[in-house]
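For reference, the structure is listed below as structure tokens.
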Amino acid sequence: MPELPEVETVRRGLQPVMEGARIMRVETRRPDLRFPFPERFAERLEGRRIVSLGRRAKYLTTHVEDGPVLICHLGMSGSFRVETDDTADAPGEFHHARSKSATHDHVVFHLAAATGDAARIVFNDPRRFGFMLFAEGNASEHPMLAGLGVEPTGNELDGKLLAELFRGRRTPLKAALLDQRLIAGLGNIYVSEALWRAGLSPTRAAGTIAEGGRKGMEACERLATAIRSVIADAIEAGGSSLRDYVHADGSLGYFQHAFSVYDREGEACRKPGCKGHVERIVQSGRSTFHCAACQR
DNA sequence: CCGATTACCTGCACGC
DNA sequence: TGCGTGCAGGTAATCG
């Protein structure tokens, strides 16, 4: 489900509830998600105050006082929702619009805010590709985060860096952009969208835009700009709501309406003046959507 | 080193 | 109504 914009949207939804609150109790309703929960998972969190909620790529990091850093990944189908006594006891509110099976509520964090208000943070994940791990000390040194590449937010990712990352790589642009060791946070949707915005073919060897002299440099600049803009636009729209994905407060993201190619097989290309249409191809076993007419 | 394939798991849409 | 098939936003292990 969630690529960087969705994870960032989740983070922003949870932050006001979690930061400063104390974790009173942690329930795990099964022994594992993708991986087994860490030893003494609940015990090491209970009683501690949450200092901050961060994000690296598609990972959420929860920092507590005098405890481990909780690293959460949502996998394909993971989501968090916030329950307060108001929301839980009020039938027919937004819960109704998106009945999500409690069958897959795997973890519940019972919180007490500084004001004394109680809240529950519930992690739901039907496919259980998500996971929760602990980092001792600096989370960025945890094996799961240590190898991650540059964030596609902010100014660091530019044409020059992209050229350095791609130089000599014969892998298709699609695969290069999905490689979290190069750029961290892009997923299947936003890779298709970024390549369309940049007018670059997903099948083109990544190295060819890094080695093509002036034209190559222009392509790198276009791609860096496309990546940053599509991620920024998606975050601003509150992410994409596909299938059952919703925000922590139950609301929906809107970016799926702004998709240019993803899941639009057969539609006319939206690029002004382009006569092409959106095609679906399969690369490394996953769908890629692109316009062969304007993406070269 | 590289890339492609498979595995992990459940739900849903679709055709019959 | 049910059943088989394919597909789904993730990462990681394995195989050439």
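Each chain gets a letter, A, B and so on, in the order the sequences are listed, and its residues count up from 1.
When each of Glu27(A), Arg120(A), Arg22(A), Glu83(A) is tested with His110(A) by the rule side-chain hydrogen bond (donor to acceptor under 3.5 Å, both in side chains), just one qualifies, namely Glu27(A). The residue from Arg280(A), Lys174(A), Glu279(A) that alone fulfils the side-chain hydrogen bond (donor to acceptor under 3.5 Å, both in side chains) condition with Thr288(A) is Lys174(A).
By the criterion of a centre-to-centre distance under 5.5 Å and near-parallel planes under 30°, the ring of Phe129(A) forms a stack with the base of dC8(B).
Atoms CZ (Phe289(A)) and P (dC7(C)) sit 11 Å apart, rounded to a whole Å. In this structure, the CZ atom of Phe35(A) is 13 Å from the C1' atom of dC9(B), given to the nearest Å. Put simply, CG on Leu33(A) is 13 Å from C1' on dG10(C), counting in whole angstrom units. Going from atom CG of Leu4(A) over to atom P of dT11(C) covers 11 Å, rounded to whole Å. Protein atom CD1 of Ile235(A) is 19 Å distant from nucleotide atom P of dG9(C), rounded to whole Å. We find that CG of Leu60(A) is positioned 20 Å from P of dG9(C), with the value rounded to whole Å. Per the geometry, CG belonging to Asp125(A) stands 9 Å off C1' belonging to dC9(B), to the nearest Å. A straight line from CZ of Arg264(A) to P of dG9(C) spans 16 Å, rounded to a whole angstrom.
Comparing dT10(B), dT5(B), dT11(C) against the side chain of Tyr59(A) picks out dT11(C) as the nearest. In the set dT11(C), dT5(B), dA8(C), dT11(C) carries the atom at the smallest distance from any side-chain atom of Lys58(A). If you check dG10(C), dA4(B), dA8(C) against the side chain of Arg280(A), the one that comes closest is dA8(C).
For the P atom pair drawn from dC9(B) and dT14(C), the interatomic distance equals 16 Å after rounding to whole Å. dC7(C) and dT5(B) have their P atoms separated by 14 Å, given to the nearest Å.
Contact between the side-chain N/O atoms of Arg128(A) and the OP1/OP2 oxygens of dT10(B) is found at a separation under 4.0 Å. Between Ser240(A) and dG9(C) there is no side-chain N or O to OP1 or OP2 distance below 4.0 Å. Distances shorter than 4.0 Å separate some side-chain N or O of Arg169(A) from OP1 or OP2 on dC2(B). Between His104(A) and dC9(B) there is no side-chain N or O to OP1 or OP2 distance below 4.0 Å. The phosphate of dA4(B) has neither OP1 nor OP2 within less than 4.0 Å of any side-chain N or O from Arg286(A).
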Go through the steps to decide whether Glu136(A) and Arg44(A) satisfy the test salt bridge (Lys or Arg N to Asp or Glu O under 4.0 Å), and finish with yes or no.
-> CA-CA 11 Å; Glu136(A) 313 295 338; Arg44(A) 294 193 67 191; 2.9 Å; yes
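Comparing Arg127(A) and Met144(A) along DNA chain C, the residue whose closest nucleotide (by nearest heavy atom) sits nearer the 5' end is Arg127(A). Taking for each of Gln283(A) and Arg181(A) the nucleotide of DNA chain B with the nearest heavy atom, the 5'-most of the two is the partner of Arg181(A).
Using a cut-off of 4.0 Å between Lys/Arg side-chain N and Asp/Glu carboxylate O, Glu8(A) and Arg55(A) are scored as salt-bridged.
Checked against the 6.0 Å centroid threshold, Phe41(A) and Phe134(A) count as a close aromatic pair.
Taking all atoms of both residues into account, the shortest heavy-atom contact from Ser77(A) to Arg128(A) is OG-N, 4.2 Å.
Checked by atom type, the side-chain pair Tyr254(A)/Glu236(A) shows no donor-acceptor distance below 3.5 Å.
Between Ile23(A) and Ile50(A), some side-chain heavy-atom pair lies under the 4.5 Å cut-off.
Helical stems involving DNA chain C, defined as 3 or more consecutive Watson-Crick or G-U pairs under 3.5 Å, span B:2-8 with C:10-16, B:10-16 with C:2-8.
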